[in-house]
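When a residue number appears, it is its place in the shown sequence, counting from 1.
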Amino acid sequence: MLPQSSALIRVLSYNIRSMRDDTDALVRVIRACAPDLVLVQEAPRFFRWRKKLARLARAADLVILTGGATAAGPAILCNLRTTVERTEDVLLPLTPGQHRRGFATAVVTLGGARLGVLSCHLSLQKGERYEQAGLLLDRVAGMGVEHAVAGGDLNERPGGRTFTRLTSTLQDCWAVAPDGGEHTWTRTEPHQRIDAIFATKGIEVLGCGVPLDLPETDLRAATDHLPVLATLKVPVG
C-alpha cells in the first residue's frame, strides 16, 4: 500500500486587539509568518468593522474567510490556495454581565487536505470558560471532518481546568513540537502562555510557537499579544 499523502499547512493564531495599535506592524508580522490560515481574536466589532478587517486582510495578501462582529470577535483569514466548503459563525450562551463570546468556524480544503477550522476567545471567568471549552470540543466533533485545528486566546495557562479539558481530546501543538517562544502575554513582559493552537490527533505537528526571528519592535507595536504559528502536516483523503 502506498503511504498516504499529506498537505503542509501553516496556521497562525493572533489576538489583534481590535487593530487599536500599529496596523502597519501588525501587517508585517502576519506577512512574515506566511500563514495559510489566520485565526484572529479581537477582530474589529463595531463601526465599519468589515472594512477594517478587509483592509487588514488585503494588506497581508489574505482574504476574510468568516467571523468578526458576527462571531463576537473571532475571525478567520486565509490565503488564495484555500478552497472554502462552508463557514459558520456561532454565538455562545451569554452570561449576564459578561462579554458575549463566539466561534468563527469553517471547513476548507488546502493542498488536497480537508480541514475543520475554529477561532475562539474564551471567557475571563473560570466557570464560563470551562463550559465554553466543552462547546468548542462539541463544535469540532460536529464539523463532519476527520481533521481539524482550533486556536485562540484561552485566557488561561496550561494546566488550568479549561486547558486540560481541551487537551483531553486535542493535541496542544506547542507541547507536541515546541518551535519558538512559549509565552504570548503581555507585550511588555511576556511571561504567560494563554494563546494556543490545538489539532486533532491525526495531524502531525512539525512545529509550533511564537516566531523568534521577527523584529521585536514590530511584535511589541502590533498588539498586546504575541502570535502563535504552527506548521502542520495534514493527511489528504
Check: Any ion pair linking Glu85 and Arg114 (charged N to carboxylate O, less than 4.0 Å)?
Finding: yes
Notebook entry, point to check: CG/Leu94 to CZ/Arg100 distance, rounded to the nearest 0.5 angstrom?
Noted result: 5.0 Å
Item checked: Sequence-distant partners of Asn79, side chain to side chain contact (heavy atoms under 4.5 Å, CB included), two or more places apart -> Asp36, Leu62, Arg81, Thr82, Leu110
Notebook entry, point to check: Should Val40 and Leu118 be regarded as members of a common hydrophobic cluster, given that ILVMFWY residues are connected when their side-chain heavy atoms come within less than 4.5 Å of each other, either directly or indirectly?
Noted result: no
Next item on the list: Measure the CG-CD distance between Asn15 and Gln41 for me, rounded to the nearest 0.5 Å.
Entry: 5.5 Å
Check: So, do Val176 and Phe198 sit near enough that their side-chain heavy atoms are less than 4.5 Å apart?
Finding: no
Check: Taking the six-membered ring where the residue is Trp, are the ring centres of Phe163 and Tyr130 under 6.0 Å apart?
Finding: no
Note to self: For Asp195, is there an ion pair with Arg157 - N to carboxylate O distance below 4.0 angstrom?
What the structure shows: no
Next item on the list: Give the cluster check for Leu12 versus Val210: same hydrophobic cluster or not, with ILVMFWY residues linked at side-chain heavy-atom distances below 4.5 Å.
Entry: yes
Note to self: Any salt bridge linking Arg17 with Glu42? Criterion: basic side-chain nitrogen under 4.0 Å from a carboxylate oxygen.
What the structure shows: no
Next item on the list: State, yes or no, whether a side-chain contact exists between Arg28 and Ile30 at a heavy-atom distance under 4.5 Å.
Entry: no
Next item on the list: Check whether more than 12 heavy atoms from other residues, nucleotides or ligands sit under 6.0 Å from atom NZ of Lys52, and answer yes or no.
Entry: yes
Margin query: Working to the nearest 0.5 angstrom, can you tell me the gap between His183 NE2 and Gln192 CD?
Written below: 8.5 Å
Checklist line | Close side-chain approach of Met19 to Leu56, heavy-atom, < 4.5 Å | finding: yes
Checklist line | Rounded distance (nearest 0.5 Å) linking atom CG of Leu80 with atom CG of Asp61 | finding: 8.5 Å
Checklist line | Joint cluster assignment, Val38 & Val11, ILVMFWY side-chain distance < 4.5 Å | finding: no
Next item on the list: Report yes if some heavy atom in the side chain of Leu154 is under 4.5 Å from a heavy atom in the side chain of Thr162; otherwise report no.
Entry: no
Next item on the list: Assess whether side chain to side chain contact (heavy atoms under 4.5 Å, CB included) is satisfied between Cys78 and Leu37, documenting all intermediate values.
Entry: CA-CA 4 Å; Cys78 65; Leu37 298 163; 3.8 Å; yes
Notebook entry, point to check: Under the 3.5 angstrom rule, does the side chain of Ser168 hit a backbone N or O of Arg165 as a donor-acceptor pair?
Noted result: yes
Note to self: With side chain to side chain contact (heavy atoms under 4.5 Å, CB included) as the criterion, how do Thr184 and Ile194 come out once you've worked through the C-alpha distance, each side chain's angles and the decisive distance to 0.1 Å?
What the structure shows: CA-CA 6 Å; Thr184 64; Ile194 62 172; 3.9 Å; yes
Check: Should Leu226 and Trp185 be marked as a side chain to side chain contact (heavy atoms under 4.5 Å, CB included) after you check the CA-CA gap, both sets of side-chain angles, and the distance that decides it?
Finding: CA-CA 7 Å; Leu226 297 176; Trp185 171 264; over 6 Å; no
Show me the donor-acceptor pairs, under 3.5 Å and distance only, between side chains in residues 131-142 and residues at least two apart or in other chains.
residue : atom : partner : partner atom : Å
Gln132  : OE1  : Ser123  : N            : 2.9
Arg139  : NH1  : Glu88   : OE1          : 3.1

Next item on the list: Measure the OG-CD1 distance between Ser119 and Ile197 for me, rounded to the nearest 0.5 Å.
Entry: 10.0 Å
Check: Is Leu39 close to Ile76 at the side-chain level, that is, under 4.5 Å between some pair of heavy atoms?
Finding: yes
Note to self: As an exercise, state the distance from CZ of Arg161 to NZ of Lys126, rounded to the nearest 0.5 Å.
What the structure shows: 9.0 Å
